[in-house]
Amino acid sequence: MVRADTDSRHGMWSSRLAFILAATGSAVGLGNIWRFPYITAESGGGAFVLIYLLCVLVVGLPIMLAEIIIGRRGRQSPINTLRLLADESHASRLWTLIGWSGMLVGFMILSFYSVIAGWTLSYTTTYVGIIASGSAGLADPQATFGSLLSNPWTLLSWHSLFMVLTMIVVALGVEKGLERSVRILMPLLFALMLILVGYGMSTGYFKEALVYMFEPDFSRITPAVILDAMGQAFFSLSLGMAAIMAYGAYLPRSIPAGGTALTIGLADTGVALVAGLAIFPVAIANGLTTGGGGVGFTFTTLPHAFNVMSFGNWFGLAFFGLLAVAAWTSAISLMESPVAYLVERTRLSRPQAAVLVALGVWLLGIGTVLSFNEWSDYRLFGRNFQENMDFIASNILLPLGGLAIAIFAGWILSRSDTRDELHDMRSSTYALWRWLVRYLSPVLVFLVFLSAIGVLDLSSDEAAAPATEQTDSDSEVLLEDSAES
Ligand code: TRP
């Protein structure tokens, strides 16, 4: 069915570039620079990276395209979009569950995301202090990180500040809030990462880092590692919870969706790989061998580099400041769909809805704050509160959401519907995409789940005890999660 163009009531992206920047801003964040390196380290490197890249290519990109066109066809918040499209296709309204689950997952992810983003704010001010006082650098990165995590009130303050910042942008709305922040700051972050890679090359451990990241040791591929890699692909690309679907609703129909999805996917994957190439040489120079990592990986590793680089403290300041911005543009996308939904379904204004959602997320985030100190001994399935939030959201709910989105795009929407959205795509590319969302992506996600069901507990052991196996004592000192010690 050919759809005429209409505008979303929430506003529209002003150009193709604006959408690409916003969606890239959503995708590029802590997932690339905090989560990707430490999960890679915990999974032992090469094999994990290879599977992650495969997941991005055959599962991630097709589903991203599916989210974009579903959103654009519905032009509303994900829940209402799915209701509209299900009705048009005479399908069950149960498909709106994708949107409901997406809202839940958004709350879950943002609740811990905001606490971690708080660390970047804290480190930014730490580097301001270091520069202002003229001291040499961060004397003991491990101890600095450990003392940050041990104080719930400090963590809570930074978490609160980050939530307020996120709330303000979402309250301002699509054009004024989202577009502006990504335009200048994201390219700056990327340039800075490249400088750090340059430093990594000078450490003498760059080759080791390349081997670590790209030489697959197939003996390390287990169902748990595959599930982790798939979860990371969904997390990093912002897929599976209808965040990109919400953004797609503001995309003019004149803009080709296929090339746009590809650009976003490449940018996101590029930043993750560059982040790895910046961090692993430094980590290896400081004693990382095979296992290890821990939630503090990025925060305890890079300061070692900043301590010895010239102008290192300025680099430290710029790095954590820009990482905070990257986290910010991602957090916004996690809030957009619940806020848009509240605006559609209630009498709340956008700012009121933003306050309400932020408050809920903030409350849930207290669990994460406490999981690094007061509650660090409370474990379920071997994981603390934050790890459970992350695991359930990223490794289970995001892939399941993605599976449902693929099926919706491939089986519920008709061929003529999706072809109408992708009319500017070459017919062979379109056929490939449709085959991927109908068959390969859902089947792969499903198989990964089946194979992982028996090992969910195994993976929780890894989560509970990072950095113990196959790690030499040096790296344990550097990399073990100090909060747990
Ligand atoms: N992709 C972001 C990152 O890598 C996080 C994020 C933003 C996200 N929106 C999302 C993750 C939606 C999952 C779903 O940091």
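In each ligand, atom 1 is the first atom listed, and ligand 1 is the first ligand listed. Just so you know, these numbers use all the heavy atoms, side chains as well, and skip hydrogens, waters and symmetry mates.
In terms of protein heavy-atom proximity, atom 15 (O) of ligand 1 is nearest to Tyr113 OH, 2.5 Å. In this structure, the protein non-hydrogen atom closest to atom 6 (C) of ligand 1 is Ser238 OG, 3.5 Å. Shortest contact from atom 4 (O) of ligand 1 to any protein heavy atom: Ala27 O, 2.8 Å. Atom 11 (C) of ligand 1 has Phe235 O, 3.2 Å as its closest protein atom, hydrogens excluded (heavy atom only).
At a cut-off of 3.5 Å, with distance as the only test, no side-chain donor of Gln76 or Thr81 sits close to an acceptor on the other residue.
Salt bridge Arg379/Glu387: present, at least one basic N to carboxylate O contact under 4.0 Å.
Checked against a 3.5 angstrom limit, the closest N/O atoms of Leu398 and ligand 1 fall outside it. Inclusion of Ala243 in the set of residues having an N or O under 3.5 Å from an N or O of ligand 1 is not warranted.
Against a heavy-atom cut-off of under 4.0 Å, Leu30 is close to the following atoms of ligand 1: 15 (O). Of all atoms in ligand 1, numbered sequentially from 1 with element shown, those under 4.0 Å from a heavy atom of Met241 are 12 (C), 14 (C). Under a 4.0 Å criterion applied to the non-hydrogen atoms of Ser236, ligand 1 contributes the atoms 1 (N), 4 (O). Using a 4.0 Å cut-off to heavy atoms of Gly31, the atoms of ligand 1 that qualify are 3 (C), 4 (O), 15 (O). Listed by number with element, the atoms of ligand 1 under 4.0 Å from a non-hydrogen atom of Ser333 are 7 (C), 9 (N).
Residue Ile109 touches ligand 1 through its side chain alone, judged by heavy-atom distances below 4.0 Å.
In this structure, the ring of Tyr127 has its center no less than 6.0 angstrom from the ring center of Trp314.
Every side-chain contact (heavy atoms from CB on, under 4.5 Å) that Phe190 has, sequence neighbours left out, goes to Leu194, Val271, Val274.
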Step-by-step ring pair (Phe, Tyr, Trp, His ring centres under 6.0 Å) determination, Phe280 to Tyr212: CA-CA 8 Å; Phe280 280 108; Tyr212 187 93; 4.9 Å; yes
Would you give me the side-chain donor-acceptor pairs under 3.5 Å for residues 96-112, sequence neighbours excluded?
from: Thr96; atom 1: OG1; to: Arg93; atom 2: O; distance (Å): 2.8
from: Ser111; atom 1: OG; to: Met108; atom 2: O; distance (Å): 2.8

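Using a non-hydrogen distance threshold of 4.0 Å, Phe36 does not register as a contact of ligand 1.
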